[in-house]
Amino acid sequence: MSRDRLNSTFFERDVLEVAPDLLGKTVIRMLDGVRSEWMISEVEAYRGEEDLACHASRGRTKRTEVMYQEGGRLYVYLIYGIYWMLNIVTGKPEYPQAVLIRGLSEIRGPGKVGRVLHIDKSFYGESVVISERIWIEKGISVPEIKIADRIGIDYAGEYWKNMKWRFFI
DNA sequence: AGCAAGATCGGT
DNA sequence: CCGATCTTGCTG
């Protein structure tokens, strides 16, 4: 067990605090006994049922259930039948939120992130607070955090589409 | 039961 | 710009 692993206190905060705080942090992935490390470089926040870009805007379903759990669990889902999206649930139970990991080190794009970390359905609901195969550790301090609107959510309407909830280095 | 769309990416 | 490829949620 690593001293540097981020605990539940870190993840059980509002997604708009956790998302930018994740930049520069380290993702540790254990696969076949081999440890790999990646620095988080880009994230997006999805916040609550009122956020029309958030999958929880359609309420509590089998798919969104984990977002209603405590922060630190993983919300993963398959998009376009090909790419696994990796999200970390944040906040307290009953307040659906999650951070989409869009970039790692030199890896750009959430589809590539899922691919390089070998993410699949078995990670749904897993907690990075206790998992033995994926967790987050403290990393480097980020000099400047850049902010922009989220990508690929044209369906969410102008208001939510314009929220500056994407953070990157 | 059937169907349309999707928090993407890589190749024309 | 288009196809890949399959799960999900909505409709009937």
Side-chain angles (χ1 to χ4, degrees), chain A residues 10-25 27 29 31 36 38-128 131 134 136 142 145-169:
Chain A
F10 180 90
F11 298 104
E12 290 183 9
R13 293 176 296 148
D14 189 273
V15 68
L16 294 179
E17 291 182 45
V18 178
D21 277 3
L22 278 171
L23 294 176
K25 296 293 189 297
V27 175
R29 176 78 168 95
L31 181 65
S36 60
W38 312 84
M39 185 199 69
I40 299 176
S41 56
E42 182 173 4
V43 298
E44 272 177 2
Y46 289 86
R47 186 173 186 268
E49 294 184 341
E50 64 272 27
D51 175 8
L52 295 183
C54 181
H55 291 160
S57 65
R58 295 184 181 184
R60 198 165 186 153
T61 66
K62 181 182 175 186
R63 182 203 211 185
T64 63
E65 172 60 30
V66 73
M67 278 199 275
Y68 290 80
Q69 306 297 317
E70 78 280 11
R73 291 182 183 275
L74 296 181
Y75 167 41
V76 304
Y77 64 92
L78 185 66
I79 190 68
Y80 299 113
I82 305 174
Y83 305 105
W84 288 97
M85 300 289 102
L86 175 63
N87 298 253
I88 303 178
V89 174
T90 61
K92 304 289 186 185
E94 308 305 321
Y95 293 89
Q97 314 181 324
V99 178
L100 170 66
I101 309 299
R102 290 194 62 90
L104 292 175
S105 305
E106 77 281 8
I107 307 299
R108 303 285 174 146
K112 294 179 184 173
V113 167
R115 181 191 301 166
V116 78
L117 290 177
H118 293 83
I119 297 303
D120 60 44
K121 194 176 188 68
S122 72
F123 283 84
Y124 183 93
E126 188 150 327
S127 173
V128 295
S131 174
I134 185 169
I136 314 296
V142 179
I145 293 176
K146 293 191 163 62
I147 300 175
D149 42 8
R150 296 174 290 180
I151 294 176
I153 54 166
D154 289 348
Y155 58 83
E158 286 303 310
Y159 182 79
W160 294 102
K161 198 174 132 186
N162 289 326
M163 289 290 114
K164 301 299 182 283
W165 287 356
R166 179 159 59 98
F167 308 91
F168 57 103
I169 298 176

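In the text below, chain A, chain B and the rest are named by the order of the sequence lines, each starting its count at 1.
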If you draw the axis of the six-membered ring of A:Tyr46, does the NZ or CZ of A:Arg150 fall within 45° of it and under 6.0 Å from the ring centre? yes
Assign A:Ile153 to base, sugar-phosphate, or nothing according to its heavy-atom contacts below 4.0 angstrom with the strands shown. sugar-phosphate
May I ask you to say what A:Arg150 touches in the nucleic acid, namely base, sugar-phosphate or nothing, with a heavy-atom cut-off under 4.0 Å? nothing
Indicate, with a heavy-atom threshold strictly under 4.0 Å, whether A:Tyr75 touches base, sugar-phosphate, or nothing. base
From the candidates B:dA7, C:dA4, C:dT7, the one with an atom nearest any side-chain atom of A:Asn87 is B:dA7
In whole angstroms, how far is the P atom of C:dG9 from the CE atom of A:Met67? 10 Å
Quick one: A:Asp154 CG to B:dA5 C1', roughly how many Å, whole number? 13 Å
Out of B:dT8, C:dT7, C:dG9, which has the shortest distance to the side chain of A:Arg58? C:dG9
Within the structure shown, what part of the strands sits under 4.0 Å from A:Gly81 by heavy-atom distance: base, sugar-phosphate, or nothing? base
Report yes if at least one side-chain N or O of A:Lys121 is closer than 4.0 Å to OP1 or OP2 of C:dC6; otherwise report no. no
Is A:Arg47 close to A:Cys54 at the side-chain level, that is, under 4.5 Å between some pair of heavy atoms? no
With sugar-phosphate meaning primed atoms plus P, OP1 and OP2, does A:Arg115 contact a base, only sugar-phosphate, or nothing at under 4.0 Å between heavy atoms? sugar-phosphate
With sugar-phosphate meaning primed atoms plus P, OP1 and OP2, does A:Lys161 contact a base, only sugar-phosphate, or nothing at under 4.0 Å between heavy atoms? nothing
